Number of protein chains: 2
Amino acid sequence: MRDKALGAPVSRPVLTRERVLDTAAGLVTQHGPDALTMRKLAAELGTAVTSIYWHVGNRESLLDALVERTVADLGALRPTGRTPAQRIVSLARALRRQLRAHPHLVAMVHERGLTERMFLPARQALVREAHAAGLEGARAAEVVRAVQFQVVGFVLVERNRERAPAQRPAEEEAWDAETAGPDAALARALARPVDEERLFVTSVRALVDGLLAR
Amino acid sequence: MRDKALGAPVSRPVLTRERVLDTAAGLVTQHGPDALTMRKLAAELGTAVTSIYWHVGNRESLLDALVERTVADLGALRPTGRTPAQRIVSLARALRRQLRAHPHLVAMVHERGLTERMFLPARQALVREAHAAGLEGARAAEVVRAVQFQVVGFVLVERNRERAPAQRPAEEEAWDAETAGPDAALARALARPVDEERLFVTSVRALVDGLLAR
DNA sequence: ACCTGAACACCGTTCAAGT
DNA sequence: ACCTGAACACCGTTCAAGT
């Protein structure tokens with residue numbers, strides 16, 4: 001997510017706040033947030049555990065800094081498409097892609113409740129499209145917020161599903177068959193794994209259509 | 001969430017798996033999941049730490065059992081309203097209310113990736129309404145899934161926002177004013193706190209309308 | 001069958017002491 | 001200004017030993 005600073009050609013580079021953050025980000029990216037213990041980090045850095053505290057404070061503020069960097073690194077968005085509705089959908093897809101690129105770090109952003117702040121750039125782009133669609137004031141704000149909630153929510157659900165333990169398929173199938181009753185096609189459809197990209201686009205499109213049609 | 005078993009009138013009741021789970025659930029409900037350490041739980045129960053292991057295995061399976069109970073305790077749903085669309089919205093609202101009633105335990109369900117399983121009863125009700133709306137097969141399945149993702153996602157976003165640190169209002173206001181440009185009403189609307197119940201109903205209604213209109 | 005304390009391997013953090 | 005090891009208070013878990 002960020003280059004290591006190329007310092008003087010020493011065999012083991014000097015300990016800096018940057019290097020601590022880079023190494024910590026590496027540990028999180030590779031093995032998840034739980035793998036980031038102060039002792040493992042110190043071992044990775046080749047220093048005493050306590051040296052870390054001088055540079056980044058305690059573990060809590062180290063995580064804060066990591067999350068801060070992740071939020072700052074989220075780039076600008078370029079919507080594509082002809083109609084405002086199409087362009088909003090394209091924004092939503094781009095957002096989803098960005099969030100899924102760094103799952104562990106983004107998960108930490110979620111856990112610290114900073115998901116909203118990460119979305120500030122997206123908000124700007126959404127406002128532009130709401131205006132282009134002819135909405136203003138409170139109506140435009142409603143569209144911006146609804147889409148934002150929708151995208152963040154969908155990504156959170158996906159993350160949730162990915163961490164879900166392998167479902168006992170027998171249970172789910174039995175249940176769906178019972179539910180669907182005579183509608184066998186429905187039971188089959190619900191038994192299939194979700195095509196999340198497709199469901200995402202369908203949902204966002206339906207939401208936007210529903211909002212703009214009022 | 002579940003009554004304590006009324007046993008024989010002993011001054012300190014016998015240690016059972018049920019009592020361990022009840023006490024653990026109490027700790028989680030009152031002070032959050034982090035407060036549930038094996039040592040604190042043992043102190044609360046008045047036993048040795050290690051006795052707990054005999055009844056519930058280790059901490060991991062204790063949490064599993066707690067989550068399992070929470071999932072099982074989620075009751076049935078009664079939709080209200082005249083049209084299928086209205087009834088779907090009422091289902092969504094009921095679901096959201098249930099999830100928000102036990103935030104800590106539901107948070108644990110989320111963290112263990114069992115949110116979907118918690119929604120199985122809701123799925124049944126949604127299928128019924130999709131059929132009533134005249135949809136069948138894959139089209140009906142799409143509606144069921146889109147609504148389910150929407151509701152779960154919204155609740156996850158709300159949880160996320162509640163844990164968010166107090167936003168520096170100066171930053172957000174400045175940013176929104178800059179974004180909104182000449183649309184002062186939009187800037188004001190975005191600066192106001194979100195009316196989540198309202199936004200929820202609006203979004204679900206728009207999504208359902210958009211899906212049923214296709 | 002059920003309960004116990006001692007012991008182990010891990011944590012994050014503080015602090016006085018070094019250079 | 002920067003780094004260190006020792007020490008503290010906490011974890012979850014195992015295990016041999018009790019009744």
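All chains are named by letter (A, B, ...) in the order of the sequence lines, taking the proteins before the strands, and each is independently numbered beginning at 1. Being a predicted model, the structure only gives us computed values, none of them experimental. Only this structure's heavy atoms are used, side chains among them; waters, hydrogens and symmetry mates stay out.
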Whole angstrom value for the distance that separates [atom2] of [N] from [atom1] of [X]:
{"X": "M38(A)", "N": "dA7(D)", "atom1": "CE", "atom2": "C1'", "value": "17 Å"}
{"X": "L15(A)", "N": "dC3(D)", "atom1": "CG", "atom2": "P", "value": "5 Å"}
{"X": "I52(B)", "N": "dC11(D)", "atom1": "CD1", "atom2": "P", "value": "12 Å"}
{"X": "R17(B)", "N": "dC3(C)", "atom1": "CZ", "atom2": "C1'", "value": "18 Å"}

Applying the Watson-Crick and G-U wobble criteria at under 3.5 Å, what pairs with dG12(C)? Answer none if nothing qualifies.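 Check on dG12(C): paired to dC8(D), both distances under 3.5 Å.
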Base-pairing mate for dT19(C) - Watson-Crick or G-U, with both contacts under 3.5 Å: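 Because both required distances fall under 3.5 Å, dT19(C) counts as paired with dA1(D).
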Rounded distance [0.5 Å steps], [atom1] in [X] versus [atom2] in [Y]:
{"X": "R188(A)", "Y": "D183(A)", "atom1": "CZ", "atom2": "CG", "answer": "9.0 Å"}
{"X": "E197(A)", "Y": "R97(A)", "atom1": "CD", "atom2": "CZ", "answer": "8.0 Å"}
{"X": "S203(B)", "Y": "F154(B)", "atom1": "OG", "atom2": "CZ", "answer": "5.5 Å"}

Please tell me if the side chains of R161(B) and V194(B) come closer than 4.5 Å, counting only heavy atoms from C-beta onward.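 A side-chain contact exists here, since the closest heavy-atom pair is under 4.5 Å.
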Closer than 4.0 Å, any side-chain N/O of S51(A) to the OP1 or OP2 of dT4(D)?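 Indeed, a polar side-chain atom of S51(A) lies that close.
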Can you identify which nucleotide, out of dG5(C), dT13(C), dG12(D), has its nearest atom closest to the T50(B) side chain?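 Among the listed nucleotides, the one closest to the side chain of T50(B) is dG5(C).
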The side chain of R39(A) is closest to which nucleotide in this list: dC11(C), dT13(D), dG5(C)?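 Selected nucleotide (nearest to the side chain): dC11(C).
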Side-chain atoms of residues 30-37 of chain A: list all donor-acceptor pairs with protein atoms under 3.5 Å, sequence neighbours left out, distances to 0.1 Å.
unit_1: T37(A); atom_1: OG1; unit_2: K40(A); atom_2: N; d: 3.1

Do the side chain of T37(B) and the base of dG12(D) come within less than 3.5 angstrom through a donor-acceptor pair of N or O atoms?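 No, the side chain and the base share no sub-3.5 Å donor-acceptor pair.
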Sub-4.0 Å heavy-atom contacts from residues 53-65 of chain B onto DNA chain D, ordered by number: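 By residue number: Y53(B), N58(B), R59(B).
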Cation-pi, F200(B) ring and R96(B) (6.0 angstrom, 45 degrees):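 Flagged: R96(B) positioned over aromatic ring of F200(B).
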